[in-house]
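Worksheet for the structure shown next.
Both counts, for ligands and for their atoms, begin at 1 and track the order of listing.
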Amino acid sequence: MKQNILIVGSGGREHALGWKLQKSPLVNKIFYAPGNGGTSENISINADEFEKLIEFSKNNNCFTIIGPENPLSKGIVNEFEKNGLKIFGPNKEATILESSKCWAKEFMKKYDIPTANFEIFDNAEDAKDYVKYKSAVVVKTDGLASGKGVIVCNSEEEALDAIEKIMVKKEFGDAGNKIVIEDLLVGEEASFIAITDGKTIIPLASSQDHKRVFDDDKGSNTGGMGAYSPAPIITDELHNEIMRDIMAKTVAGIRREKIVFKGFLYAGLMIVNNKPYVLEFNARMGDPECQPIVARMKSDLFPYLDACVNGNLEKMPMIEWDGRAAVCVVMASHGYPGNYEKGKVISGLEDVSKLNDAFVFHASTKKFNGNFITNGGRVLGVTALGNTIKDAINNVYDAVSKISWDDVHYRRDIGKKALKLTNSSTNHSI
Ligand code: AMP
Ligand code: GLY
């Protein structure tokens with residue numbers, strides 16, 4: 001019997017996962033809670049309404065997939081499992097890897113996983129003492145702060161200011177009761193995401209996000225303004241090193257802590273002189289990374305998610321990938337991640353739907369009077385494939401140029417970093 005799916009979340013990540021799963025011969029209907037303008041079977045239940053989600057999933061025999069971190073860290077998986085329902089994602093205990101940076105850093109130290117040197121503080125005076133005479137540190141809130149609780153400081157003054165904001169003015173609330181202060185690493189970032197059932201690890205293709213709002217990595221941090229896959233910095237050799245020294249040690253360590261981790265395990269890495277260091281873990285798929293990754297995935301995704309939930313991922317072969325590159329450009333509202341207007345009519349989507357190998361995944365859109373309108377900060381992700389990263393960049397910007405609305409903002413340099421590192425070919429296995 002074909003499986004019904006319930007995807008919880010409303011971003012480009014959730015639309016892209018649903019688009020990929022819809023191609024599976026094993027999948028029947030896909031429901032999105034609450035979904036967005038681009039997703040079809042939307043049900044009006046929010047990601048934090050666990051009881052309603054459980055009831056819907058029971059009544060419709062769904063296999064549920066959780067996109068965002070908040071419901072995961074509040075224990076949605078534990079609640080579904082108590083009800084005997086199939087759900088893909090880590091339980092509350094396992095999300096500590098993402099929800100407490102202090103816990104994650106101590107964990108990495110204990111299991112010898114490469115990461116920047118650090119100290120943990122629970123009071124501002126000691127933290128201020130520690131940064132005296134230091135020219136560069138990174139100050140991080142312990143708890144989740146929507147990606148804003150990380151402050152890169154290039155002087156003692158900036159570090160003192162960051163400590164003041166987090167610990168004294170409490171700008172991030174209780175998330176800042178404890179902080180990590182770590183060495184600043186200088187290198188190239190990459191995202192390494194795998195599916196794990198707590199024993200077996202199946203890597204996904206590498207990728208690279210662009211967090212800053214403006215070209216050349218200027219301006220504020222955002223949820224992500226674009227991504228590409230593969231990340232050419234991750235050579236086959238480095239891939240093996242990351243699997244051995246980071247992913248395998250993490251999964252084994254988590255098991256030794258008596259925690260069962262099932263789901264997407266995401267390591268945000270800094271590659272310094274060809275050595276990988278963990279900047280952070282996430283207990284979920286990345287967004288926008290998910291978009292170029294699924295665009296390149298040739299294998300059926302559903303059997304991997306199912307095997308993960310059943311705890312028998314070891315029976316699955318490695319995932320097959322399209323050897324081409326994929327680039328995703330996020331089209332956002334002018335003003336994001338600050339204030340912006342909503343309700344602008346989006347044009348040109350039909351033109352892109354006629355292109356081969358270019359896909360639009362919606363994030364904050366809504367249907368209104370027969371049109372799609374903007375409904376938030378990150379509005380759409382446009383993803384295109386190309387034989388090389390350069391071709392994929394050309395293809396994606398060709399598609400992006402067909403879509404418009406009043407005051408649209410997007411970066412013009414997504415993927416440019418990869419060009420520095422590649423001789424315009426993607427000679428990686430994944
Ligand atoms: P995180 O949420 O820990 O991944 O941090 C967000 C961003 O801050 C990362 O994507 C990096 O760009 C930057 N960052 C975090 N930690 C460091 C570090 N130790 N050295 C340099 N940059 C960092
Ligand atoms: N793109 C970064 C994240 O999903 O956290």
Side-chain angles (χ1 to χ4, degrees), residues 9 11-14 16-17 66-70 72-73 95 97-105 108 114-119 131 134-154 158-159 162 166 172 175 179-193 204 206-213 217-229 231 263-273 275-293 328-330 332 337 361 363 377-378 381 411 414 417:
R13 166 181 52 208
E14 287 75 21
L17 287 172
I66 309 297
E69 61 269 32
N70 271 332
L72 290 169
S73 65
T95 59
L97 211 48
E98 170 165 4
S99 60
S100 169
K101 290 218 192 264
C102 295
W103 193 92
K105 292 294 286 191
M108 287 188 266
T115 188
N117 288 330
F118 69 99
E119 290 286 337
V131 300
K134 288 203 185 335
S135 57
V137 291
V138 183
V139 181
K140 301 184 174 185
T141 60
D142 178 44
L144 295 174
S146 312
K148 299 192 182 94
V150 173
I151 306 179
V152 175
C153 308
N154 285 303
E158 284 178 25
I166 297 172
F172 303 97
I179 58 170
V180 174
I181 303 184
E182 66 181 36
D183 293 353
L184 182 97
L185 299 176
V186 180
E188 194 71 37
E189 283 185 62
S191 303
F192 197 96
I193 306 170
L204 303 182
S206 61
S207 57
Q208 162 81 61
D209 185 12
H210 296 62
K211 289 209 169 87
R212 303 294 197 97
V213 69
D217 291 335
K218 303 248 164 66
S220 317
N221 262 325
T222 69
M225 293 301 292
Y228 56 82
S229 172
F264 291 119
L265 174 62
Y266 169 139
L269 305 174
M270 184 73 87
I271 314 298
V272 185
N273 298 328
K275 285 268 161 221
Y277 294 83
V278 177
L279 295 180
E280 64 160 347
F281 286 115
N282 293 321
R284 55 176 173 79
M285 185 53 130
D287 193 5
E289 291 97 318
C290 183
Q291 304 178 45
I293 289 175
C328 165
V329 174
V330 170
F361 299 122
R378 288 195 293 177
R411 278 180 60 161
I414 302 297
K417 272 186 231 175

- Got an N/O contact under 3.5 Å between Glu289 and ligand 2? yes
- Message: Could you check whether any side-chain heavy atom of Leu269 comes within less than 4.5 Å of a side-chain heavy atom of Val278, counting everything from C-beta outward?
- Response: yes
- So CD1 of Ile293 and CE of Met285: to nearest 0.5 Å the spacing works out to 4.5 Å
- Passes salt bridge (Lys or Arg N to Asp or Glu O under 4.0 Å), Asp217 versus Arg411? Steps please. CA-CA 9 Å; Asp217 291 335; Arg411 278 180 60 161; 3.1 Å; yes
- Nearest protein heavy atom with distance in Å, relative to atom 9 (C) of ligand 1: Glu189 OE1, 3.5 Å
- Item | Sub-4.0 Å heavy-atom contact, Gly223 with ligand 2 | yes
- Message: Applying a heavy-atom cut-off of 4.0 Å, say which part of Leu185 lies close to ligand 1: side chain, backbone, both or neither.
- Response: both
- Task: Of the side chain and backbone of Arg284, name the one, both, or neither that has a heavy atom under 4.0 Å from an atom of ligand 2.
- Result: side chain
- Query: Quick one: does Lys101's side chain get under 4.5 Å of Val150's, heavy atoms only?
  - Reply: yes
- Message: Students should be able to answer this: which protein heavy-atom is nearest to atom 17 (C) of ligand 1, and at what distance?
- Response: Leu279 CD2, 3.5 Å
- Item | Minimum side-chain heavy-atom gap Glu289-Tyr266 below 4.5 Å | yes
- Would you say ligand 2 has an N or O under 3.5 Å from any N or O of Asp287? yes
- Item | atom 16 (N) of ligand 1: nearest protein contact (heavy atom, Å) | Lys140 NZ, 3.0 Å
- pair Asn154-Leu184: side-chain heavy atoms closer than 4.5 Å: yes
- Message: Using a 4.0 Å cutoff against the non-hydrogen atoms of Asn282, which atoms of ligand 2 qualify?
- Response: 5 (O)
- Query: At a non-hydrogen distance cut-off of under 4.0 Å, which region of Asp183 contacts ligand 1 (side chain, backbone, both, or neither)?
  - Reply: backbone
- Item | Nearest neighbour in protein (non-hydrogen) for atom 22 (N) of ligand 1 | Met270 CE, 3.8 Å
- Item | Value rounded to 0.5 Å, distance of CD1 in Ile151 from CD1 in Ile166 | 4.0 Å
- Item | Non-hydrogen side-chain atoms of Pro68 and Arg13 separated by less than 4.5 Å | yes
- of all protein heavy atoms, closest to atom 1 (P) of ligand 1 is Glu280 CD, 3.6 Å
- Query: Mind checking whether Gly224 has a heavy atom under 4.0 Å from ligand 2?
  - Reply: no
- Message: Within ligand 1, which atoms have a heavy atom of Lys101 less than 4.0 Å away?
- Response: 1 (P), 2 (O), 3 (O)
- Task: Can you see which heavy atom on Cys328 is nearest to which on Gly381, and at what distance?
- Result: SG-CA, 4.2 Å
- Task: Provide the number and element of each atom of ligand 1 under 4.0 Å from a heavy atom of Glu182.
- Result: 16 (N), 17 (C), 18 (C), 19 (N)
- Message: As an exercise, identify every atom of ligand 1 less than 4.0 angstrom from a heavy atom of Val150.
- Response: 1 (P), 2 (O), 3 (O), 5 (O), 6 (C), 8 (O), 15 (C)
- Query: Taking C-beta and beyond as the side chain, do Leu144 and Asn70 meet within less than 4.5 Å on heavy atoms?
  - Reply: yes
- Nearest protein heavy atom to atom 2 (C) of ligand 2, by residue and atom, and its distance? Asp209 OD2, 3.3 Å
- Task: Could you give me the CA-CA distance, side-chain angles and deciding distance for Arg212 and Asn221, then say whether side chain to side chain contact (heavy atoms under 4.5 Å, CB included) is met?
- Result: CA-CA 4 Å; Arg212 303 294 197 97; Asn221 262 325; 3.5 Å; yes
- Query: Do Ser191 side-chain atoms and Gly268 backbone N/O form a donor-acceptor pair below 3.5 Å?
  - Reply: no
- The atoms of ligand 1 lying under 4.0 Å from a heavy atom of Leu184, numbered in the order shown, are 20 (N), 21 (C)
- Task: Name the closest protein heavy atom to atom 13 (C) of ligand 1, giving the residue it belongs to and the distance to 0.1 Å.
- Result: Val152 CG2, 4.1 Å
- Item | Heavy-atom check, side chain of Glu69 versus side chain of Thr95, under 4.5 Å | no
- Which of the atoms of ligand 2 are close to Gly286, meaning less than 4.0 Å from one of its heavy atoms? 4 (O)
- Which bit of Val138 gets closer than 4.0 Å to ligand 1, counting heavy atoms only: side chain, backbone, both or neither? side chain
- Task: Please say whether Lys211 places an N or O atom under 3.5 Å from an N or O atom belonging to ligand 1.
- Result: yes
